[in-house]
Amino acid sequence: MKKQLASIALLLGLVLTLVLQASAQDNNPQSSVPIVAKFGLYQLSDAQMKKVKDSRVVTKPVGKKLHGMELLTRTEAACLLHLGSKWPIVYYDPRAEQFQVQYVDIGMKLDLTIKGEREGVFNVNIRPETSTMKKLLAKGELSAYPETFPFVIESRMPGMAWDQTVVLGYVSGLSARTFLSNEGLDTQNDNIVYTLRLERP
Amino acid sequence: MKRLLLFSLLLGLFLPAQAQNEEIQYRCQVVKASQAPKSRIMTSSDWTKFLASSQNMVLDEVGGIAQVKHPFLNAPVTKLPIPYKDPRPNMYQVQYVDIGLKLDTHVKPYPNGKLLVIARGERSLADPHPELEQRTQVFIFESETIMKRGQVAVFGGVNGPLARKHLKKQFPDLAFSETDTLLFVVSVK
């Protein structure tokens, strides 16, 4: 009888240990994979553009790199990166009956969530944004209001594999020239391409 | 029998309690690098070698000791006021923005002795332009990854000619070439 009770007590202790240790893990997903997401914005000539225009995957980035952003993340986690400025705009919200401060983000931003589809293959939700301030529209008593020119792509890229460089989107012609001139860059090669690459850390 | 029961209960309570009270030493660095590191998660000795090579430079740093499972904040910041007039009480109100280097982190235990590091780093500067005093220049990352103790993780990086004009505003006294990269780095041990 005593032996049975001793065994039950031991088992109870072990079960309690396992349960408490499991709760200490905070339900972390076991299959989460660390990833480096590398994003690039490139300026291309017409000849370079022809090669990538209808491609989903390019062998290596071509053209002049305008900027690069990279984030170390893991699957299933939302992450962001921002280099630039935050411009506060104060306004009165009549519904809340109080003043609110909203921020206009200028510069380069990357919002990213990578989900594992199967081993080595990922679905990527991505929103890169590159913006510049064109001018201040007005400077009132409380706020200055910047007129911005953002280049944004919001996309879901399924089936991305390791070390693939994927073309997320492009802009050619007048819109590209407007963007380049607002950024103070040469407008002769008026093609801009956004690319994304996933690498092991 | 009673001893065994007591021992089992203590075992059940003490082990997880010990796991929850684990301490870590953390460090967050903003680094100007002339080249990208070979890997983004590396040992601290590899990171030290990387920093010593070429023209890599730590520009700003915060660090300390924290407890696993408890969020922690290290923010040696200046509070920048944004005043606005509220017509209802007919008086001015002030909202504050933090300026400086700030690390907001939550480290959780992860299977196989690893750590899940959830971090938000921000390095901000009040705009030097006198007419735009409310605007702030920022470098922000918000992400999470899995690390081991003694490792260094490069959470974020930016480079290129478009980034350079923002980097010059962030660090007015420094020169940045088109290939220089600004990195946000977190280490735990």
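Order of the sequence lines fixes the chain letters, A, B, ..., with proteins taken first and strands second; residue numbering starts at 1 for each chain.
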Chemist: Could you tell me which residues satisfy side chain to side chain donor-acceptor pair (under 3.5 Å) with A/E70, sequence neighbours excluded, listed by chain and number?
Modeler: B/R40
Chemist: Starting at CZ of B/F141, measure out to CG of A/L110 and round the result to the nearest 0.5 Å.
Modeler: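 Here the rounded value is 14.0 Å.
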Chemist: Please state whether the side chain, the backbone, both or neither of B/K38 comes within less than 4.5 Å of a heavy atom of chain A.
Modeler: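 Contact with chain A is absent: no heavy atom of B/K38 under 4.5 Å.
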Chemist: Look at the side chain of B/S143 and the backbone N and O of A/L72, then say whether any donor-acceptor pair between them is shorter than 3.5 Å.
Modeler: yes
Chemist: Give the minimum heavy-atom separation between B/A163 and A/H67, together with the two atoms involved.
Modeler: N-CB, 4.2 Å
Chemist: For the CG atom of A/L81 and the CZ atom of B/F139, what is their distance to the nearest 0.5 Å?
Modeler: 5.5 Å
Chemist: Find the one option among B/R164, B/H166, B/E178 whose heavy-atom pairs under 4.5 Å with chain A are most numerous.
Modeler: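 The candidate making the most pairs under 4.5 Å is B/H166.
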Chemist: Could you grab the distance from atom NZ of A/K86 to atom OG of B/S124, nearest 0.5 Å is fine?
Modeler: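 One finds 10.0 Å between NZ of A/K86 and OG of B/S124.
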Chemist: Which heavy atom of B/Q137 sits nearest to which heavy atom of A/S85, and what is that distance?
Modeler: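 Reported closest heavy-atom pair: NE2-CB, 3.7 Å.
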Chemist: Tell me which of these, A/K38, A/K65, A/M69, A/E183, has more heavy-atom pairs under 4.5 Å with chain B than the rest.
Modeler: A/E183
Chemist: Say you draw a straight line from CG of B/L162 to CG of A/L185; how long is it, rounded to the nearest 0.5 Å?
Modeler: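 Going from the CG atom of B/L162 to the CG atom of A/L185 covers 5.0 Å.
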Chemist: About how many Å separate OH of B/Y110 and OG of A/S32, when rounded to the nearest 0.5 Å?
Modeler: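 It is 4.5 Å, given to the nearest 0.5 Å.
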Chemist: Does NZ in B/K165 sit with more than 12 non-hydrogen atoms of other residues, nucleotides or ligands closer than 6.0 Å?
Modeler: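 Atom NZ in B/K165 is packed in, count exceeds 12.
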Chemist: Check whether A/I35 gets within reach of chain B through its side chain, its backbone, both or neither, counting any heavy atom under 4.5 Å.
Modeler: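 Contact with chain B is absent: no heavy atom of A/I35 under 4.5 Å.
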Chemist: Sort out for me which of A/L80, A/T73, A/V104 touches chain B most, counting heavy-atom pairs under 4.5 Å.
Modeler: A/L80
Chemist: Heavy-atom distances under 4.5 Å only: say whether A/A78 touches chain B with side chain, backbone, both or neither.
Modeler: backbone
Chemist: Between B/N159, B/L167, B/V158, which shows the greatest number of heavy-atom pairs under 4.5 Å with chain A?
Modeler: B/N159
Chemist: Which bit of A/L112 comes within less than 4.5 Å of chain B, counting heavy atoms only: side chain, backbone, both or neither?
Modeler: neither
